[in-house]
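Notes to accompany the following structure.
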Amino acid sequence: MILSQLVRLAAKNAIIALYPDIAVDDAMVAVNLTKPEFKGHYTVVVFPFVKLLRKKPDVLGKEWGEAILKADAMFTSFEVVSGFLNLTISDDFWTSFLTGHFNDTTFGRFGDTGQRVMVEYSSPNTNKPLHFGHLRNNFLGAAVSEILKEAGNTVIKANLVNDRGIHICKSMIAWKRYGNGATPERTGIKGDHLVGYYYVKFNDAYKAEVAALMAEGMDDKTAEREAPIMKEAQEMLRLWEMGDPEVRHLWQTMNGWVYQGFDVTYNRLGVTFDKMYYESDTYLLGKRIVEEGLAKGLLFKKENGSVWIDLQPDGLDEKLLLRGDGTSVYITQDLGTAKLKYEEFHLDKSVYVIADEQNYHISVLRFILKRLGEPCADGIYHLSYGMVELPTGRMKSREGTVVDADDMIDEMIAMAKAQTEESGKTLGFTEGELSRLYETIGLGALKFYLLRVDPKKKMIFDPKESIDLHGFTATFVQYAHARICSILRKEGLGKEPPAGTFAGYTATLPLEPLEQKMIQLLEQYPGILHEAADEYNPSTVCNYTFGLAQLFNTFYDAHSISKAENEEKKQLRLMMAVMTAMVLRNAFKLLGIAMPDKM
RNA sequence: GGUCCGGUAGCUCAGUUGGAUAGAGCAUCAGCCUUCUAAGCUGGGGGUCAUUGGUUCGAAUCCAAUCCGGAUCACCA
């Protein structure tokens with residue numbers, strides 16, 4: 001059990017022992033970390049019981065503190081300050097904790113929950129390359145998956161590729177018109193970028209055609225409908241749905257280019273998937289569900305043959321599920337995919353990592369599945385995250401105002417290189433080690449930057465300002481880790497010294513305040529993981545690793561480890577250092593960020 | 001207009017089921033490398049927690065109203 005729970009339990013038991021007649025519910029026993037300006041480690045708030053027992057806060061606090069102390073040797077003293085009962089934990093607790101866990105590589109990992117969780121993320125469209133906003137999605141999905149795994153769940157990472165639809169046809173039409181047979185090989189352009197170029201090209205041509213028609217006196221709505229290039233795209237979509245061999249061939253070819261490009265990017269990002277879904281395979285599945293719902297009378301048909309669900313009882317509107325011509329809409333395929341996922345993997349929970357602009361869409365999806373009596377409805381969780389915006393507003397791929405993911409990665413790595421060279425820290429590295437280091441630092445900084453903010457908040461990124469490598473960054477945490485590794489190297493120890501290494505350690509001296517704080521913060525890691533998993537929130541882990549690295553740096557400055565005052569302190573501090581490095585490393589692994597031993 | 005989300009230092013953000021004098025980073029100013037990696041450490045300045053009212057021993061946190069910003073409400077995806 002983690003310490004905060006132990007304290008809470010001790011406090012609860014003590015108050016029950018003192019006053020057996022009152023009803024104590026858990027919410028009344030408020031336990032917090034003691035503020036640094038007071039003596040003690042954990043604080044119990046006395047107020048909730050003051051009125052109930054009609055006692056003065058200080059009197060009750062004293063009784064309560066004495067009872068806690070008497071019951072458990074873990075506590076050595078207490079102080080009551082204006083209604084707050086501050087408890088001090090014994091040095092013995094801290095040192096036993098450290099000796100018991102410093103080399104426990106599974107520290108923080110939970111037991112198997114038996115839960116099967118799918119996390120769907122990334123889910124790109126195949127008409128354009130990934131941009132900065134997609135990076136947030138990918139990093140979030142990957143990190144949340146790893147955090148949920150660490151929390152004892154079986155996790156299936158899924159990617160649902162939007163590989164069909166009018167947007168793909170737009171790129172295809174533009175390529176046919178303007179491409180002159182261009183391929184990634186012939187042009188030397190990465191496949192996803194090449195296809196994305198024609199998507200932008202389509203929109204330019206479309207705008208020009210609309211403008212031309214309007215110049216001839218057509219009104220804007222009609223012009224937008226009548227522009228030849230748009231009609232061509234719609235015709236191509238129709239042919240695609242009919243399975244026209246030529247269209248299908250071009251579609252496969254161009255999607256193939258995009259996948260090659262994506263693979264390169266995913267590889268650099270270190271993002272992987274256990275299961276790929278393609279909308280071209282799943283887009284028809286929802287129709288059957290809709291037809292069944294219709295047969296059961298849960299849905300209704302309008303005169304033109306379109307099928308609807310009435311969600312007004314749930315506080316929403318009527319929602320279209322099938323068009324008048326019988327073709328499916330966006331939500332239709334989602335119904336099918338949700339059911340498919342559930343049946344294929346027997347999921348307890350299905351997480352969708354999707355931007356908050358689709359909040360309504362996902363809640364509609366859940367309501368529909370619920371109404372249709374599909375069991376997969378209950379497990380749906382929308383991990384809704386805020387969009388990444390530019391100072392000028394949203395990125396628009398149609399207009400080409402995006403920060404490209406590949407460019408961003410290159411820039412970050414170049415910056416890591418420049419700063420490493422500038423600080424003259426390249427000595428003793430081989431060329432290969434250096435380029436790996438630059439990737440580690442550059443990509444780490446990028447991931448941390450996007451993960452450190454609460455997912456639900458939108459972010460504004462100014463491309464003119466580079467992402468910092470100082471302060472609240474991955475680099476800061478990596479640096480603390482590298483420093484520890486350097487100490488361990490000089491002491492002839494590996495990163496994970498075998499169990500017997502500090503067997504000779506016996507605690508006899510009192511802990512320095514910073515020693516105690518370090519151990520206390522290390523002890524909090526499992527609780528942090530729990531919180532991150534509970535809330536699907538990797539930023540909790542970012543904040544924690546930064547705090548731990550920061551405290552270590554303070555410690556490092558204040559106390560020497562290798563030249564400690566005596567052997568006992570040296571052993572203690574080495575164990576602390578080993579454990580700190582391990583926790584930082586494990587936490588960063590969950591975030592998908594590599595940890596250098598040297599930098 | 002309906003629904004939902006956000007508003008905390010100049011900027012970017014933390015702030016646990018309501019708890020003590022609201023914290024970091026960046027920027028700025030002043031210090032610290034003959035001592036385990038200065039990508040670091042120490043300290044200063046910087047706040048009407050959007051506003052108003054309510055709930056109570058106690059509110060950045062809960063409730064209501066208002067203001068500001070955003071998203072969404074398609075036979076688009």
Side-chain angles (χ1 to χ4, degrees), chain A residues 4 26-35 37-38 43 45-48 50-51 57 81-84 86 125 162 164-167 279 302 304-308 315-317 319-325 327-331 333-334 355-361 363-364 384 386-387 389 393-394 416 419-420 422-423 425 441 449 452-454 456-462 465 468-473 475-476 478-480 482-491 527-528 531 535 539-540 542-543 546-547 549-550 552-564 573 577 598-599:
Chain A
S4 62
D26 279 5
M28 291 169 77
V29 186
V31 173
N32 305 296
L33 291 169
T34 302
K35 295 238 163 199
E37 54 267 38
F38 298 97
T43 295
V45 187
V46 181
F47 291 113
V50 165
K51 209 199 282 181
V81 185
S82 57
F84 295 92
N86 299 329
N125 293 347
N162 186 335
R164 60 164 285 279
I166 189 73
H167 48 292
E279 281 193 14
K302 290 196 176 174
N304 65 357
S306 56
V307 179
W308 296 72
L316 306 174
D317 298 321
K319 188 82 189 168
L320 175 92
L321 297 184
L322 280 181
R323 294 193 186 96
D325 61 7
T327 59
S328 61
V329 289
Y330 182 49
I331 194 116
Q333 54 202 331
D334 277 340
D356 59 9
E357 61 181 351
Q358 297 202 39
N359 285 353
Y360 180 74
H361 176 78
S363 70
V364 166
S384 165
M387 314 267 285
E389 294 178 11
R394 287 175 65 168
Q419 294 213 17
T420 306
E422 195 186 325
S423 59
K425 296 200 170 186
I441 295 173
Y449 181 84
R452 68 182 197 185
V453 181
D454 187 331
K456 69 171 175 285
K457 296 201 175 180
K458 76 171 182 198
M459 305 181 62
I460 294 171
F461 174 70
D462 189 344
E465 291 172 18
D468 210 330
L469 300 183
H470 301 272
F472 186 22
T473 63
T475 314
F476 182 97
Q478 289 168 328
Y479 184 63
R483 277 175 148 183
I484 294 174
C485 289
S486 170
I487 294 171
L488 297 179
R489 268 197 304 276
K490 289 187 177 164
E491 291 296 324
I528 294 295
E531 196 182 321
E535 294 168 7
S539 77
T540 310
C542 291
N543 279 303
F546 176 66
Q550 201 175 34
F552 177 79
N553 281 335
T554 300
F555 183 88
Y556 179 93
D557 202 61
H559 301 288
S560 178
I561 295 171
S562 9
K563 292 179 189 150
R573 290 173 191 171
K598 247 194 331 183
M599 65 188 278

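Within every chain, numbering begins at 1; the chains are lettered A, B, ... in the order of the sequence lines, protein sequences first and strands thereafter. If you're wondering where the values come from, they're calculated on a predicted model, not measured in any experiment.
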From [atom1] of [X] over to [atom2] of [N], roughly how many Å is that when rounded to an integer?
| X | N | atom1 | atom2 | result |
| --- | --- | --- | --- | --- |
| A:Glu389 | B:G6 | CD | C1' | 12 Å |
| A:Phe552 | B:U42 | CZ | P | 13 Å |
| A:Asp317 | B:U72 | CG | P | 15 Å |
| A:Asp356 | B:C4 | CG | C1' | 10 Å |
| A:Lys457 | B:G6 | NZ | P | 8 Å |
| A:Glu37 | B:G19 | CD | P | 15 Å |
| A:Leu316 | B:U3 | CG | P | 12 Å |
| A:Phe461 | B:C13 | CZ | P | 12 Å |

Residue-phosphate contact under 4.0 Å: [X] side-chain N/O, [N] OP1/OP2:
| X | N | value |
| --- | --- | --- |
| A:Lys458 | B:G69 | no |
| A:Tyr479 | B:A39 | yes |
| A:Arg323 | B:A77 | yes |

More than 12 heavy atoms from other groups under 6.0 Å of CD on A:Glu37: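 Count over threshold, so yes.
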
Heavy-atom neighbours of A:Lys598 NZ exceed 12 at 6.0 Å: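 Yes, the 6.0 Å shell around NZ holds more than 12 heavy atoms from other groups.
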
[Y] and [X], any side-chain heavy atoms less than 4.5 Å apart:
| X | Y | value |
| --- | --- | --- |
| A:Asp317 | A:Tyr360 | yes |
| A:Phe84 | A:Phe38 | no |
| A:Met599 | A:Thr475 | yes |

Anti versus syn assignment for B:C62, with syn defined as within 90° of 0: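 Anti conformation here, the glycosidic angle of B:C62 being more than 90° from 0.
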
Parallel, tilted or perpendicular: ring planes of A:Phe461 versus A:Tyr449, cut at 30 and 60 degrees: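 Ring orientation of A:Phe461 relative to A:Tyr449: perpendicular.
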
Contact class for [X] (heavy atom, under 4.0 Å): base, sugar-phosphate, or nothing?
| X | answer |
| --- | --- |
| A:Ser363 | nothing |
| A:Val307 | nothing |
| A:Ile441 | base |
| A:Gly324 | base |
| A:Asn162 | sugar-phosphate |
| A:Pro57 | nothing |
| A:Asn32 | base |
| A:Phe476 | sugar-phosphate |
| A:Ala482 | base |
| A:Lys51 | sugar-phosphate |
| A:Val50 | nothing |
| A:Met459 | sugar-phosphate |
| A:Asp26 | nothing |
| A:Asp334 | nothing |

Earlier contact from the 5' end, RNA chain B, for A:His167 and A:Ala27: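 Going by which nucleotide is closer to the 5' end, it is A:Ala27.
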
A:Phe84 ring over B:G19 six-membered base ring, under 5.5 Å and 30°: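 No.
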
My understanding is that a pair needs two contacts under 3.5 Å, Watson-Crick or G-U wobble. By that rule, which nucleotide pairs with [N]?
| N | answer |
| --- | --- |
| B:G43 | B:C29 |
| B:U55 | none |
| B:G23 | B:C13 |

Within the distance-only criterion (no hydrogens, no angle test), does the side chain of [X] pair as donor or acceptor with the backbone N or O of [Y] below 3.5 angstrom?
| X | Y | answer |
| --- | --- | --- |
| A:Asp557 | A:Asn553 | no |
| A:Arg452 | A:Thr473 | no |
| A:Ser486 | A:Ala482 | no |

Polar pair under 3.5 Å, donor/acceptor by atom type, side chain A:Lys35, base B:U21: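 Check fails, no donor-acceptor contact within cut-off.
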
Heavy-atom donor-acceptor pair, A:Thr420 side-chain to B:A39 base, under 3.5 Å: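 Pair found.
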
Qualifying residues under side chain to side chain contact (heavy atoms under 4.5 Å, CB included), relative to A:Thr327, sequence neighbours excluded: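 A:Thr327 satisfies side chain to side chain contact (heavy atoms under 4.5 Å, CB included) with A:Glu241, A:Arg323, A:Asp325 only.
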
Can you tell me which nucleotide in [options] comes closest to the side chain of [X]?
| X | options | answer |
| --- | --- | --- |
| A:Lys456 | B:A20, B:G6, B:G19 | B:G6 |
| A:Asn543 | B:A14, B:U37, B:C13 | B:A14 |
| A:Thr554 | B:U42, B:C57, B:G40 | B:U42 |

Per-nucleotide protein contact string for nucleotides 24-36 of chain B, where B marks a base within reach and S marks sugar-phosphate only (heavy atoms under 4.0 Å, - for neither): SSS--------SB

Cation-aromatic face contact A:Arg483/A:Tyr556, 6.0 Å, 45 degrees: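 Judged by the rule (NZ or CZ under 6.0 Å from the ring centre, within 45° of its axis), A:Arg483 counts as positioned above A:Tyr556.
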
Gap in Å between the two P atoms, one belonging to B:U8 and one to B:A14, rounded: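 After rounding to an integer number of Å, I get 11 Å for this pair.
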
C1'-based separation of B:C41 from B:U35 [nearest Å]: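 Between the two C1' atoms, the distance is 14 Å.
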
